[in-house]
Every structure is written in C-alpha cells, then in structure tokens.
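Just below is one structure, and these are the notes that go with it.
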Amino acid sequence: MDISLTGLDDVYRITPSRFGDHRGFFSESWNKKTLSGLGLDLPEFVQDNHSISSKVGTVRGLHFQSPPHAQGKLVRCGRGRIFDVAVDVRRGSPTFGQWIGEELSFENGNQLWIPAGFLHGFMTLEADSEIIYKCTDHYAPECDGAIKWDSCGVDWPLEGITPIISDKDEKAPTFETFQTPFNYKG
Ligand SMILES: Cc1cn([C@H]2C[C@H](O)[C@@H](COP(=O)(O)OP(=O)(O)O[C@H]3O[C@H](C)C(=O)[C@H](O)[C@H]3O)O2)c(=O)[nH]c1=O
C-alpha cells in the first residue's frame, strides 16, 4: 500500500497493493493498521457509500455535510473510470478555494482520502462507473450541502460532453455565495 501527496495538503492518494495470479488479483482495499504504519491515521469510518452512474459525463457534486456531521471520505472506483474532485473550503487554509482532480479507476486502483472541510464530487469518464467510499460520519440530510459543480473553477474533462446532473445539483448555490462552515485547523 502506497501513500502519495496530491496538489492539496491533507488530501492523499492511496494505492493498495494487488497480488495477482492466474485467477486475477487480491487487494486489501482498506487496512487501518497498514495506513497507520505509513503515518496516515484516519478517523473512524461509520458508513460505506456506493453509487453507479450509467452514462459518461455524469457529474455528482460538489457536495459536503456541515458540522456537526461533516464527513471525511476515502474514495475508490470499483468499476470504470472517474475524475474525482476535492475543493478546499476551510476558512483560513493556505489552499482555500483550490481544487484537485484525480483519475480513479478499476485499472489504477487509486483512492483519495478527502478530509472533512473539502467539497467532493466526480465526473464519470466511462459508462457504468462505480464509486465506493467510506465516510467518517453518518448521512445527515439536515447537514447536506452542495455547491454548483461549475462555479469553483474546476477544469472538468468534458471535451464537448453534455454533463448529466441531478436537479438538486443544477440548482445548487455558487461558490461565490458560499459561507463555509469549516475552519482550517493547521
Ligand atoms: C449521500 C446519501 C444519499 N442518500 C439518499 C438521498 C437520496 O434519496 C439518494 C441520492 O442522493 P444524492 O442525489 O445526494 O446522491 P449523490 O448525488 O450521489 O450524492 C453524493 O455525491 C457525492 C459524490 C458525495 O460525495 C456525497 O457522498 C453525496 O452527496 O440517496 C442516502 O440515503 N444516504 C447518503 O449518505
């Protein structure tokens, strides 16, 4: 299992080891002890989420849950390919408003650890792409929030694709109107 830096402090790329043989491969997709041994101690996970998006260009996000139910997420792609995005919205952060986008796929097996205080979203790069992610707090609809996907300066790899968006996401407030509930803890 490898941990590597991304363009945003506190957001890490995690690549589990794969043990291949004539049948296929085996991989530990999550191991608290291994990550801790590599210096990454994550909060407890309490909920796993799983969604399938059937069409290329499906954009889900940019979402967050506000305190007291803010969620950290450990994100992976079980099938297909996604462009996974995190935006730093921690007041006082040196990278406030900055974003990263990473290709996560079944092929590369990469994961992203995205702590609470970041918006999260993704765009599918293949049909029937599957996202699986562990969350550090339970779903709390009263704390559920969204910022309009195209208002944060994210360079989505649309290349002429018309994005498929939920009504909720289409109507989300823009980043410039956003009063973040998160503070940077240094
Ligand atoms: C997030 C969530 C949703 N739901 C229900 C609520 C709706 O009836 C239905 C679809 O929810 P939504 O349209 O918010 O699903 P996504 O657009 O995939 O939202 C997710 O997309 C981005 C990528 C995220 O990081 C968040 O985890 C989450 O906001 O599932 C639940 O029952 N539990 C949950 O934890």
Side-chain angles (χ1 to χ4, degrees), residues 6-8 10-14 29-30 42-90 97-106 108 110-158 161-175 177-182:
T6 64
L8 278 181
D10 304 322
V11 178
Y12 292 96
R13 180 186 311 103
I14 296 167
S29 50
W30 152 246
L42 300 184
E44 183 193 12
F45 292 112
V46 296
Q47 178 175 315
D48 274 6
N49 291 343
H50 178 194
S51 72
I52 295 261
S53 301
S54 53
K55 294 208 169 51
V56 176
T58 302
V59 175
R60 295 179 186 246
L62 291 158
H63 299 161
F64 66 96
Q65 280 197 176
S66 50
H69 297 292
Q71 292 176 315
K73 296 165 188 167
L74 180 61
V75 183
R76 66 190 177 99
C77 178
R79 178 171 57 184
R81 273 185 320 136
I82 64 173
F83 179 73
D84 205 60
V85 171
V87 185
D88 187 353
V89 290
R90 300 169 298 176
Q98 293 183 29
W99 62 275
I100 57 142
E102 286 262 327
E103 185 173 312
L104 305 182
S105 68
F106 168 73
N108 69 26
N110 288 346
Q111 304 178 4
L112 281 184
W113 161 244
I114 303 172
F118 289 77
L119 306 179
H120 176 240
F122 68 91
M123 175 190 145
T124 56
L125 302 173
E126 283 179 16
D128 297 322
S129 287
E130 177 185 49
I131 185 172
I132 301 160
Y133 48 111
K134 307 180 86 65
C135 301
T136 61
D137 208 319
H138 294 104
Y139 178 53
E142 73 282 8
C143 295
D144 202 25
I147 296 299
K148 197 145 183 314
W149 65 284
D150 58 357
S151 71
C152 302
V154 173
D155 187 14
W156 298 96
L158 283 164
I161 297 171
T162 303
I164 296 163
I165 316 268
S166 70
D167 285 347
K168 177 188 92 170
D169 287 350
E170 201 54 67
K171 295 179 188 128
T174 61
F175 184 76
T177 65
F178 181 46
Q179 296 295 319
T180 183
F182 302 104

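Below, all heavy atoms of this structure are taken into account, side chains as well, without hydrogens, waters or symmetry copies. As the structure lists them, so they are numbered: ligands from 1, and atoms in each ligand from 1.
Taking distance alone, with nitrogen or oxygen atoms compared against 3.5 Å, His120 approaches ligand 1 more closely than that limit. Here's the thing with Lys73: one of its N/O atoms is less than 3.5 angstrom from an N/O atom of ligand 1. Looking at ligand 1, you'll find an N or O of His63 within less than 3.5 Å of one of its N or O atoms.
Contact annotation: the side chain of Leu112 never approaches that of Lys73 to less than 4.5 Å [non-hydrogen atoms, C-beta and beyond].
Side-chain atoms of Trp149 do not come within 3.5 Å of backbone N or O of Ile165 as any donor-acceptor pair.
Under a 4.0 Å heavy-atom criterion, Gln47 is in contact with ligand 1. The closest approach between Phe64 and ligand 1 stays at or above 4.0 Å for every heavy atom of the residue.
Note on Lys168 versus Asp144: salt bridge recorded, some NZ/NE/NH1/NH2 to OD/OE distance being below 4.0 Å.
Here the protein heavy atom with the shortest distance to atom 14 (O) of ligand 1 is Lys168 NZ, 2.9 Å. Looking only at heavy atoms of the protein, atom 27 (O) of ligand 1 is closest to Tyr133 OH, 2.8 Å. Protein heavy atom closest to atom 6 (C) of ligand 1, with residue, atom name and distance, is Tyr139 OH, 3.4 Å. For atom 18 (O) of ligand 1, the closest non-hydrogen atom of the protein is Arg60 NH1, 2.9 Å.
Taking every heavy atom of both residues into account, Ile114 and Val11 meet most closely at CG1-CG1, 4.3 Å.
Between Phe178 and Phe64, a ring centre-to-centre spacing shorter than 6.0 Å is recorded.
Of all the heavy atoms of Ile131, none lies under 4.0 Å from any atom of ligand 1, so neither backbone nor side chain is involved. Residue-level proximity to ligand 1 for Gln71 is absent, since no heavy atom of it falls below 4.0 angstrom.
The side-chain contact (heavy atoms from CB on, under 4.5 Å) test with Ser51 singles out one residue from Ile131, Thr58, Ile132, and that residue is Ile131.
At most 12 heavy atoms of other shown residues, nucleotides or ligands fall within 6.0 angstrom of atom CD in Glu44.
The presence of a protein heavy atom under 4.0 Å from atom 30 (O) of ligand 1 is ruled out. Protein heavy atoms all stay at least 4.0 Å away from atom 8 (O) of ligand 1. Put simply, atom 25 (O) of ligand 1 has protein non-hydrogen atoms near it, under 4.0 Å away.
Residue His50 holds its NE2 atom at 9.0 Å from CZ of Arg76, rounded to the nearest 0.5 Å. For the atom pair CD (Gln47) and NE2 (His138), the distance works out to 6.0 Å, reported to the nearest 0.5 Å.
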- Query: Under the side chain to side chain contact (heavy atoms under 4.5 Å, CB included) criterion, do Arg90 and Asp10 qualify, and how do the steps go?
  - Reply: CA-CA 11 Å; Arg90 300 169 298 176; Asp10 304 322; 2.6 Å; yes
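Near Phe122, meaning under 4.0 Å from any of its heavy atoms, are these atoms of ligand 1: 23 (C).
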